[in-house]
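Here's the structure, in structure tokens; my notes come after.
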Amino acid sequence: MEQIINMEEQFEARIANEIRIEPKDWMPDAYRKTLIRQISQHAHSEIVGMLPEGNWITRAPSLKRKSILLAKVQDEAGHGLYLYSAAETLGITRDQMYADLHSGKAKYSSIFNYPTLSWADMGTIGWLVDGAAIMNQVPLCRTSYGPYARAMVRVCKEESFHQRQGFEIMMVLCKGSNEQKEMAQDAFNRWWWPTLMMFGPRDAESPNSETSMRWKIKRFSNDELRQRFVDMMVPQAEYLGLTVPDKDLKWNEERGHYDFGEVDWEEFWNVVKGNGPCSKSRLQARIDAWEDGAWVREAAMAYAEKQERRSSKTQVVSSKTESGRIVA
Ligand code: BYC
């Protein structure tokens, strides 16, 4: 008992002194549990996040746009893999994480349950959704768990490129024909509010925030990051000549921030519970990919076992040779 209290004190002292917690360090069960929850959900978001954009690879308007989009979607797969690896260091297996996603137990970001209806959605996702991801993830480069923080450094570099490419698509559309401008505004109208939902519920309704902030897993609250995001995006929308679809949006001189309207929280919770416009098809696509890939996993396992058998046979032969009993 005394030993646990001691370890708990050491853990809290490390957190207070900004010393990262590493996989082999002692950590409270609740810290491990909430990290597995957040990191695995983050990984699932990256993987499910490939679907709405993957939908446009075959319909990209030029070869250049197609290759950029392909590279971006591949980057998201990479992010998912770093994050699954980071979660595995906490003692959960990848198979378990996939099983939790497929059964609906584990969540993924609500944003990916909306459809991508036009090419302008590719620009809007890059600009807005990746913009929100950067706002949320840059502080995670300083999160208290070492493997998560290190994964985030690379993820954020790649996300910055993604955001630039999204903004550039929007620039081209907004400078284009009336039809292109309308397409850009329509995509912006559809994605603005769901993007604000990415930051999670209001602080007062966020059950995980208090402990996650205390343990420095989260560095800023959901509402703080949402406000920063609005402050950053409004001037960019103005630059593009787009109208933010919020009649309550107004610069507040006193606060030094934009005031903005209320997110539709009923819609948010509905999507989080799995009733978003594309929730069923997104999850089904992941389940199908898992089932269709069974033969690849089986073949890889059979190959690994064959290699293992071969190398153990070679070891027996070479150890016999060394002992002088067999001479080739
Ligand atoms: N969607 O207590 P709260 C990307 C859940 S990938 C769904 O505030 P927390 C990209 C929350 O999980 C971006 N669920 O939670 C990829 C919790 O339920 P549980 C993904 C949400 O964890 C490809 C409950 O609501 N980014 O950008 O303190 C292409 C109460 O919430 C959402 C990350 O995952 C939501 N939006 O704070 C392009 C970042 N919000 O788990 C782009 C890492 C909340 O108790 N994650 N919930 O059952 C985080 O920073 C935090 O987990 C959150 C939520 C801010 C999201």
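Nothing here was measured: the structure is a model prediction, and the numbers come from that model. Ligands are counted one by one from 1 in listed order, and the atoms in each one are counted from 1 as well.
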field: Close approach of Ser212 to ligand 1, heavy atoms, under 4.0 angstrom
entry: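 It does not, in that no heavy atom of Ser212 comes within the 4.0 Å cut-off of ligand 1.
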
Return yes or no for this condition: an N or O of [X] is under 3.5 Å from an N or O of ligand 1.
X      : result
Met197 : yes
Lys107 : yes
Asn136 : yes

When you measure from [atom] to every protein heavy atom, which one gives the shortest distance, and what is it?
atom                    : result
atom 15 (O) of ligand 1 : Asn208 ND2, 3.3 Å
atom 40 (N) of ligand 1 : Gly200 CA, 3.2 Å
atom 37 (O) of ligand 1 : Lys218 NZ, 3.0 Å
atom 4 (C) of ligand 1  : Phe112 CZ, 3.8 Å
atom 30 (C) of ligand 1 : Pro207 CD, 3.7 Å

field: Validation row, ring centre Tyr98 to ring centre His44 under 6.0 Å
entry: no

query: salt bridge (Lys or Arg N to Asp or Glu O under 4.0 Å): which pairs involve residues 238-250, sequence neighbours left out?
result: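 Non-adjacent pairs meeting salt bridge (Lys or Arg N to Asp or Glu O under 4.0 Å): zero.
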
field: Cation-pi geometry met for Arg228 and Phe220 (6.0 Å, 45°)
entry: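 Because its charged atom sits under 6.0 Å from the ring centre and within 45° of the axis, Arg228 does stack over Phe220.
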
task: Group every Ile, Leu, Val, Met, Phe, Trp and Tyr by side-chain heavy-atom contacts under 4.5 Å, then state whether Ile134 and Met232 land in the same group.
output: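 No.
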
For ligand 1, is any non-hydrogen atom under 4.0 Å from [X]'s backbone (N, CA, C, O), its side chain (CB onward), both, or neither?
X      : value
Gln137 : side chain
Val272 : side chain
Phe268 : side chain

Ion pair present between [X] and [Y], side-chain N to carboxylate O less than 4.0 angstrom?
X      : Y      : result
Arg219 : Glu224 : no
Glu22  : Arg14  : no
Glu262 : Arg202 : yes

Side chains of [X] and [Y]: donor-acceptor distance under 3.5 Å anywhere?
X      : Y      : value
Arg190 : Tyr114 : no
Asn178 : Glu182 : no
Arg37  : Thr34  : yes

Proximal candidate to [atom] [heavy atom criterion; set [options]]:
atom                    : options               : result
atom 8 (O) of ligand 1  : Gly166, Gly80, Ser206 : Ser206
atom 16 (C) of ligand 1 : Lys72, Lys105, Glu46  : Glu46
atom 46 (N) of ligand 1 : Glu53, Gln38, Arg37   : Gln38

message: Under 4.0 Å and counting heavy atoms only, is there anything from the protein next to atom 53 (C) of ligand 1?
response: no

For Tyr148, atoms of ligand 1 separated by under 4.0 Å from a heavy atom: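 Selected atoms, number and element: 43 (C).
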
task: Can you sort out which atoms of ligand 1 are near Asn222, meaning under 4.0 Å from one of its heavy atoms?
output: 8 (O), 55 (C)

- request: Provide the full list of ring-ring contact (aromatic ring centres under 6.0 Å, His included) pairs with a residue in residues 169-189, sequence neighbours left out, each pair given once.
  value: Trp127-Phe188, Phe188-Trp192

